[in-house]
Amino acid sequence: MYITASTSASSLLRASRARFSCSLSSSLSLSRGSVSPPPKLSPPFTSHRSLSFSSSVRSIRYSLPRWSHGVDWRSPGSLRSQIRAVAPVIERFQRKIATMAPEHPFKGILTSLPKPGGGEFGKFYSLPALNDPRIEKLPYSIRILLESAIRNCDNFQVTKEDVEKIIDWETTSPKQVEIPFKPARVLLQDFTGVPAVVDLACMRDAMNKLGSDSNKINPLVPVDLVIDHSVQVDVARSANAVQANMELEFQRNKERFAFLKWGSTAFHNMLVVPPGSGIVHQVNLEYLGRVVFNRDDVLYPDSVVGTDSHTTMIDGLGVAGWGVGGIEAEAAMLGQPMSMVLPGVVGFKLSGKLRNGVTATDLVLTVTQMLRKHGVVGKFVEFYGGGMGALSLADRATIANMSPEYGATMGFFPVDHVTLQYLKLTGRSDETVAMIESYLRANKLFVDYNEPQLERVYSSYLQLDLADVEPCISGPKRPHDRVPLRDMKADWHSCLDNKVGFKGFAVPKEVQGKVANFSFHGQPAELKHGDVVIAAITSCTNTSNPSVMLGAGLVAKKACELGLQVKPWIKTSLAPGSGVVTKYLLQSGLQKYLDQQGFNIVGYGCTTCIGNSGDLDESVASAISENDIVAAAVLSGNRNFEGRVHPLTRANYLASPPLVVAYALAGTVDIDFEKEPIGTGKDGRSVYFKEIWPSTEEIAEAVQSSVLPSMFRSTYEAITKGNPMWNQLSVPAATMYSWDPSSTYIHEPPYFKNMTMDPPGPHGVKDAYCLLNFGDSITTDHISPAGSIHKDSPAAKYLLERGVDRKDFNSYGSRRGNDEVMARGTFANIRIVNKLLNGEVGPKTIHIPTGEQLYVFDAAMKYKTAGHDTIILAGAEYGSGSSRDWAAKGPMLLGVKAVIAKSFERIHRSNLVGMGIVPLCFKPGQDADSLGLTGHERYSIDLPSNISDIRPGQDVTVTTDTGKSFTCIARFDTEVELAYFNHGGILPYVIRNLTKQ
């Protein structure tokens, strides 16, 4: 069956505008774990909703008692009597709906999925039943978008035209067409989850003030929030490090945790996984990922958007998932379809197998470099080929995890036999796995490499022979700056020589051999350039992979047996992504060797990878600072941007867990592992790298004997039971949050103050000053750092004024529920480079009217007080890194009206639009320097005052008070983004639409 698209471009445009200006679909609250069922309603395709339906829903809502999980427990009537009383009302409601609801547009392809032994698993919308030959050629990742569009098609939020666009992907994807997408669920971590719950609580207040029902602010899809970003490595190299760090974590974050616990009861469909359980993406992979949903007797693929850019890790399990901004995720929770440009798909063919001793980390760093070079921003990458069978699920997840680092929206691995084996390994039941396989095979979403493969069409192609991958690390400042291990020593010396930049520190030749002598707890110690001061086995990227984790244990074991020992002043740590890792390290007998080398378990969370490294020993910190040493950190993470890991480690390298142990043993990155000894053994003999490096066979044997399904089952059976500290938190039962004005953690944000039902309309910019002038690769870590709060910063001043001791500052990430702290923390990265400062590094800028050098926050407030707008000039890849919505919220609160850049990272550009900031791109070949812009000018941006006069991607003229004029591209990429801009942002848009219902 072919679907004919409308031949009228204008009618499509009208339909698109109508769909996105209409109010959101209302719904009765669903129980935890449920999702929106396939739409049974097709309201008239007009600019307003059918009143008969919405009024009938309201009449049911208000005629019943207030429901929590099915009954009002405060009612004196029994459960049975309540059900008897309510049943006739529900039956009348169902009859009314049945008489008024048109059939689902694709009811004809709703197909039964039989069970092998009789009966059926459920029904599903069958792609093969469309009988469209174009579907056979579609990439698997696009088929998932297609299934979602068909299942959710109501010719209102999702239309038949949208379905046709996806089926015709080969033709439409190069045209940047827009489609809606409704994910099956939303994933949060606590750094992004706290501000999301703050926003939801604040939206309830706004609904009340506008005279509407605050209970409309409830997630309509499952929301899973894993608390993993708060634990810091305060205590390391200690048997009681886990308990000590968790106690400190709760002391610092008790108020935040209580707020999240309140949210889990105040909002429907929200599961909060307590602290100490693991890293969000590993928990998602091992436990939360459904692969296939079976709800209301309808089967469909799992899909997820998350407020962490590494949500893509789940792509390794064949679940379509990617990172979005917190504000975008909040809209998805509330039933708003996500608007996205139908992406191109890069086909990445893998062949062969990895050589002996080469790790999945080496592979992902190689893939990252290749894809960065190819250019995959805004695209899906889909892996296929004969080499797939040689990659474990954990290896695939490692590659998928680093999608943000290579720039893709997804790095997708379709489900195959390897996926099914992993599902069984991780404790999913045989019946569940059988259902998953049956559904995916029936709907042409399963890859069976035992069968001949039809050639699929991709937008472009890459290929890699796995045998060509060699050991490597990446750094010292970016994940995609891969360095083969054999070249590391030479590369390090080049970095010392090179001018300051991504591959340079500009250390004069005469001081490159400088030695800083100091006393470490009474024993003599020394530091040189390149010496390792942090060695951390951390991050979901690698701790989810048993082969590299057990490989690290084997390196430690061999080192212990040969008499090697990590120097005591190196801060070593091991932070597994789930309790399963601890179980198999103990089962293998390797944890004791890691402990002997200082890699004691410090907690179950992100730790060093997100900057929660904790303090260095005071003697080490002083030696680095007083002697200007370029100290190194080596971590098994996914991000190594300058200033992220630790303020005192200017060189930061990403490496596999076994290499982290090896570099800790060597004590320096200034070493050639092939030629130089890694250390001196117990008999005085030099020990070389090859002597401590395990073979692929040794690792495989350890995995086979130590990683067992019972470990996953026992770990996750207990995961939601929490721990004593979590369980002791008492929270109010109210559905409206009582804001404490004295709180320095949770504060009512100002986004909806003075909000009315009328959209403010689009805004141009008139005579704005340049707040900051940046070069390339300004990351969200630069814009809104997550790490420690510097003692002299505006945020520190704010906290001190409110009686918070410096030792209790905690991190910026932990205070994201307080807009006052976060506004002051915007552009507070100590390594940020602002061209207005003429070479000086740090979180300050020039206040143009007075010429004063001020902290960015202070300058911004001075502009706001005087009634002046501000803009930001930037280079390429502005906003790369974590999907951090505060990197857009913060600039908005500072009064920034527009960002003019060479290019934007995908999620950050979307976040800017979501907060009402105009993203503009210079024309190709142009930038601030080529146009002679210094940042001392005043800028005006000419935008129409009527939103209907603005088109996605249209040219916009920018003029300065110095007589310059240039043309930029307005990076509103879809019609719905223009609707958000018209409303002053995505959240006001959602509130106004919900209020109208």
Side-chain angles (χ1 to χ4, degrees), residues 187-194 197 224-264 270-288 308 426-427 536-540 543-544 549 573-586 591 594-595 599-614 711-731 745 786 810-811 813-814:
L187 185 70
L188 309 171
Q189 38 89 338
D190 56 301
F191 269 18
T192 52
V194 167
V197 178
D224 300 309
L225 191 159
V226 181
I227 300 175
D228 67 348
H229 273 53
S230 298
V231 62
Q232 298 186 34
V233 189
D234 293 292
V235 178
R237 287 177 167 261
S238 168
N240 76 327
V242 172
Q243 183 65 21
N245 287 326
M246 184 176 283
E247 287 174 1
L248 287 166
E249 178 186 9
F250 269 82
Q251 286 174 26
R252 294 186 181 112
N253 298 285
K254 183 178 179 181
E255 189 179 346
R256 294 173 63 243
F257 292 170
F259 177 68
L260 290 176
K261 194 171 182 181
W262 167 81
S264 70
M270 185 175 288
L271 170 71
V272 174
V273 178
S277 303
I279 302 175
V280 58
H281 306 304
Q282 188 162 342
V283 174
N284 193 24
L285 189 73
E286 296 176 352
Y287 174 64
L288 296 173
D308 189 288
T426 50
I537 300 175
T538 177
S539 168
C540 50
T543 66
S544 59
M549 295 301 287
S573 62
L574 166 57
S578 83
V580 177
V581 179
T582 302
K583 287 183 169 70
Y584 66 64
L585 284 173
L586 290 171
Q591 183 61 55
L594 287 163
D595 291 347
F599 287 94
N600 301 81
I601 295 175
V602 296
Y604 297 89
C606 300
T607 64
T608 307
C609 187
I610 57 159
N612 287 355
S613 309
M711 296 175 176
F712 293 88
R713 280 194 293 268
S714 62
T715 297
Y716 288 112
E717 280 168 2
I719 198 167
T720 56
K721 295 177 183 175
N723 53 64
M725 286 180 271
W726 173 262
N727 295 337
Q728 286 166 16
L729 291 174
S730 62
V731 297
Y745 276 105
N810 211 333
S811 63
S814 68

S.K.: For residues Val226 and Leu288, determine if any side-chain heavy atom of one lies less than 4.5 Å from a side-chain heavy atom of the other.
M.R.: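 Yes, side chains in contact.
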S.K.: Taking the side chain as every heavy atom from C-beta outward, state whether Val231 and Thr607 have any atom pair closer than 4.5 Å.
M.R.: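 In contact.
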S.K.: Side chains of Thr538 and Ser573: does their closest heavy-atom pair fall under 4.5 Å?
M.R.: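 Heavy-atom side-chain distance check fails, nothing below 4.5 Å.
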S.K.: Could you tell me if the side chain of Glu249 sits less than 4.5 Å from the side chain of Pro275, heavy atoms only?
M.R.: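 SC-SC contact between Pro275 and Glu249 confirmed.
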S.K.: In the structure I gave you, are the side-chain heavy atoms of Gln591 and Thr582 within less than 4.5 Å of one another anywhere?
M.R.: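 No, every pair of side-chain atoms sits at 4.5 Å or beyond.
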S.K.: Let me confirm one number: the OG1-CD1 distance from Thr608 to Ile610, rounded to the nearest 0.5 Å.
M.R.: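 One gets 9.0 Å once the value is rounded to the nearest 0.5 Å.
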S.K.: Rounded to the nearest 0.5 Å, what's the gap from CG on Leu260 to CD on Glu255? Could you check?
M.R.: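 Going from the CG atom of Leu260 to the CD atom of Glu255 covers 11.0 Å.
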S.K.: Yes or no on side chain to side chain donor-acceptor pair (under 3.5 Å) for Gln251 and Glu247, after CA distance, side-chain angles and deciding distance?
M.R.: CA-CA 6 Å; Gln251 286 174 26; Glu247 287 174 1; 5.4 Å; no
S.K.: Which atoms form the tightest heavy-atom contact between Pro576 and Val581, and what is the distance?
M.R.: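 Residues Pro576 and Val581, closest heavy atoms: CB-CB, 3.6 Å.
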S.K.: Locate the shortest heavy-atom distance separating Ala239 from Asn600; write the atom from each residue and the value.
M.R.: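 Scanning both residues completely, I find the closest heavy atoms to be N-ND2, 4.0 Å.
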S.K.: Taking all atoms of both residues into account, what is the closest heavy-atom pair of Ser544 and Cys540, and its distance?
M.R.: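 Minimum heavy-atom separation between Ser544 and Cys540: OG-O, 3.0 Å.
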S.K.: When rounded to the nearest 0.5 angstrom, what is the spacing between CD in Glu286 and OG1 in Thr715?
M.R.: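 Spacing of CD (Glu286) from OG1 (Thr715) equals 8.0 Å.
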S.K.: So, do Val283 and Asp228 sit near enough that their side-chain heavy atoms are less than 4.5 Å apart?
M.R.: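 No; the side chains remain at least 4.5 Å from each other.
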S.K.: Considering non-hydrogen atoms only, spot the tightest contact between Ser814 and Asn253 and give its length.
M.R.: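 Closest approach of Ser814 to Asn253: CB-OD1, 3.5 Å.
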S.K.: Could you check whether any side-chain N or O of Asp190 sits under 3.5 Å from a backbone N or O of Gly193, counting only pairs where one atom can act as donor and the other as acceptor?
M.R.: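 It does not hold such a pair.
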S.K.: Enter the distance from Ile537:CD1 to Cys609:SG here, rounded to the nearest 0.5 Å.
M.R.: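 Spacing of CD1 (Ile537) from SG (Cys609) equals 13.5 Å.
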S.K.: Apply side-chain contact (heavy atoms from CB on, under 4.5 Å) to residues Lys261 and Val272 and explain how you reach the verdict.
M.R.: CA-CA 7 Å; Lys261 194 171 182 181; Val272 174; over 6 Å; no
S.K.: Per the side-chain hydrogen bond (donor to acceptor under 3.5 Å, both in side chains) rule, which among Asn810, Asn245, Asn612 passes with Gln232?
M.R.: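 Of Asn810, Asn245, Asn612, side-chain hydrogen bond (donor to acceptor under 3.5 Å, both in side chains) with Gln232 is met by Asn810 alone.
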S.K.: Under the side-chain contact (heavy atoms from CB on, under 4.5 Å) criterion, do Leu574 and Leu585 qualify, and how do the steps go?
M.R.: CA-CA 11 Å; Leu574 166 57; Leu585 284 173; 4.0 Å; yes
S.K.: Can a side-chain donor-acceptor contact be found between Ser230 and Arg256 if the only test is distance below 3.5 angstrom?
M.R.: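 Note: Arg256 and Ser230 side chains meet the donor-acceptor criterion.
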S.K.: Checking His281 now: which residues fulfil ring pair (Phe, Tyr, Trp, His ring centres under 6.0 Å) with it, not counting sequence neighbours?
M.R.: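 Once residues adjacent in sequence are excluded, His281 has no partner under the ring pair (Phe, Tyr, Trp, His ring centres under 6.0 Å) criterion.
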S.K.: In chain order, what residues pass the ring pair (Phe, Tyr, Trp, His ring centres under 6.0 Å) check against Phe257, with sequence neighbours excluded?
M.R.: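 Result, ring pair (Phe, Tyr, Trp, His ring centres under 6.0 Å) vs Phe257: Phe250.
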S.K.: Can you list everything that forms a ring pair (Phe, Tyr, Trp, His ring centres under 6.0 Å) with Tyr716? Sequence neighbours excluded, please.
M.R.: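 Partners of Tyr716 by the ring pair (Phe, Tyr, Trp, His ring centres under 6.0 Å) criterion, ordered by chain and then number, come out as Tyr287.
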S.K.: Would you say Trp262 and Val197 make side-chain contact, with heavy atoms under 4.5 Å?
M.R.: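 Heavy-atom side-chain distance check passes, below 4.5 Å.
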S.K.: Going from CD on Gln189 to CG on Asn284, what distance comes out if it is rounded to the nearest 0.5 angstrom?
M.R.: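 The distance works out to 12.5 Å.
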S.K.: Taking Cys606 as the fixed residue, which of Val280, Ile279, Asp308 is the one that meets the side chain to side chain contact (heavy atoms under 4.5 Å, CB included) rule?
M.R.: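 Of the listed residues Val280, Ile279, Asp308, the side chain to side chain contact (heavy atoms under 4.5 Å, CB included) partner of Cys606 is Ile279.
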S.K.: Kindly indicate whether the side chain of Ser578, heavy atoms from C-beta on, has any atom under 4.5 Å from the side chain of Phe712.
M.R.: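 A side-chain contact is absent here, since even the closest heavy-atom pair is not under 4.5 Å.
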S.K.: To the nearest 0.5 Å, how far apart are CD in Gln243 and OG in Ser238?
M.R.: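 Spacing of CD (Gln243) from OG (Ser238) equals 11.0 Å.
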